[in-house]
Amino acid sequence: MKAVVIHSFGPANVLQLEELPVPQPTDDEILVKIRAASVNPVDCKTRAGNYPPVQKGQLPLVLGRDVAGTVERVGDAVTRFKKGDAVYAVLDRQHGSYAEYVIVKERDLARKPEQLDFTEAAAVPLAAVTAWQGLFDHGGLRAGQHVLIHGGAGGVGHFAIQFAKARGANVSTTVSKEDMEFVRGLGADQAIDHNSQRFEDAVGQGEIDLVFDLVDGETQERSWAVLKQGGTMISTLSKPSEAQARAHAARAENFVVQPNGAELNEIGRLIDAGKLRPHVEAVFPLAAVRTAQQQLERKHIRGKIVLEIGS
Ligand SMILES: NC(=O)c1ccc[n+]([C@@H]2O[C@H](COP(=O)([O-])OP(=O)(O)OC[C@H]3O[C@@H](n4cnc5c(N)ncnc54)[C@H](OP(=O)(O)O)[C@@H]3O)[C@@H](O)[C@H]2O)c1
């Protein structure tokens with residue numbers, strides 16, 4: 001099978017299109033024939049050697065954490081899927097989807113939403129499950145609460161806005177000026193241009209129940225001013241200050257997304273009910289993976305970039 005492999009860390013030209021053997025599923029594993037995969041910031045950070053969980057000793061490596069495709073073969077212990085089923089998943093770090101086939105554990109796999117084609121479906125798993133786990137599993141967001149989402153126009157943020165609205169929350173989000181209409185279209189109650197306006201002035205001091213931080217750095221530090229006493233701060237990037245958390249009687253965590261087929265099935269039901277939609281900004285063939293990663297790293301991207309792989 002064709003696969004994009006890295007043998008060393010570095011710029012996008014370390015991504016090499018190569019021939020690898022098709023893996024064979026055993027026990028609770030499923031071989032998926034890949035139709036599309038998406039590009040996530042973690043792929044670029046891993047390729048560059050800037051993602052500490054992946055070290056040199058684990059090379060060579062096939063990148064890619066999202067997959068949409070069809071079941072090709074199942075292990076003996078698999079009960080819920082059969083050849084031909086249309087599926088999607090978040091992959092664990094041991095498997096990569098920049099390839100024609102990949103192995104997925106049965107518990108991590110979900111039915112592809114019927115309303116989406118494979119390209120759209122590949123845009124969903126990692127970003128949407130991160131948004132779900134950040135807002136609900138870690139953030140405990142409830143109807144009527146006010147959430148501030150930093151970076152609302154990106155892969156994770158554009159799902160987070162839609163989930164929070166579907167849950168009945170009041171949503172403020174920081175974005176670039178060009179993305180203000182985009183996030184309002186997703187349901188955001190308040191869009192704040194992070195370049196021209198201080199979000200502290202826009203939302204007010206001590207007003208926010210949950211800060212969902214997808215940006216980090218000074219954006220995270222400044223967010224303490226808007227958090228309610230007893231509020232929650234959740235980051236996908238770095239652990240918020242424990243001293244500030246104590247001062248605000250707040251719960252503050254960072255987390256790493258975990259593959260979860262059950263949550264992905266629930267997300268698929270929201271998609272099929274018309275309550276959630278991925279935004280695919282650009283599509284590339286697998287052979288153009290270097291350009292796809294460079295675009296995610298350098299350009300202003302709304303939603304997701306997808307690689308189309310098989311047919
Ligand atoms: N812990 C985990 O398991 C996990 C899971 C998924 C993602 N992540 C991380 O979470 C971050 C977000 O992921 P993603 O997939 O959503 O990335 P993305 O698609 O690149 O989106 C990031 C968004 O943040 C915006 N942004 C940058 N600086 C900003 C600022 N100061 N204020 C407001 N918005 C700003 C960007 O807009 P502009 O282009 O206009 O700057 C972009 O729309 C990434 O760093 C990723 O690595 C972690």
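Basis for what follows: all heavy atoms, side chains included, without hydrogens, waters or symmetry-related copies. Both counts, for ligands and for their atoms, begin at 1 and track the order of listing.
Ion pairing of Asp43 with Arg65 is absent here, as no side-chain N (NZ or NE/NH1/NH2) approaches a carboxylate O to less than 4.0 Å. Salt-bridge check for Lys228 with Asp209: passed, with a basic side-chain N closer than 4.0 Å to an acidic carboxylate O.
Relative orientation of the Trp132 and Phe163 rings is perpendicular, given thresholds of 30° and 60° on the angle between their planes.
One side chain, Ser223 or His150, offers a donor N or O that lies under 3.5 Å from an acceptor on the other. If you check the side chains of Asp189 and His146, you find no donor sitting under 3.5 Å from an acceptor.
Protein residues lining ligand 1, listed by chain and number: Pro41, Lys45, Leu126, Thr130, Gly151, Ala153, Gly154, Gly155, Val156, Thr174, Ser176, His194, Leu214, Val215, Thr219, Thr236, Leu237, Phe255, Val256, Val257, His300, Ile301 [non-hydrogen atoms, distance under 4.0 Å].
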Point to revise | Steps toward salt bridge (Lys or Arg N to Asp or Glu O under 4.0 Å) verdict (Arg269, Asp272) | key: CA-CA 5 Å; Arg269 281 193 284 277; Asp272 283 340; over 6 Å; no
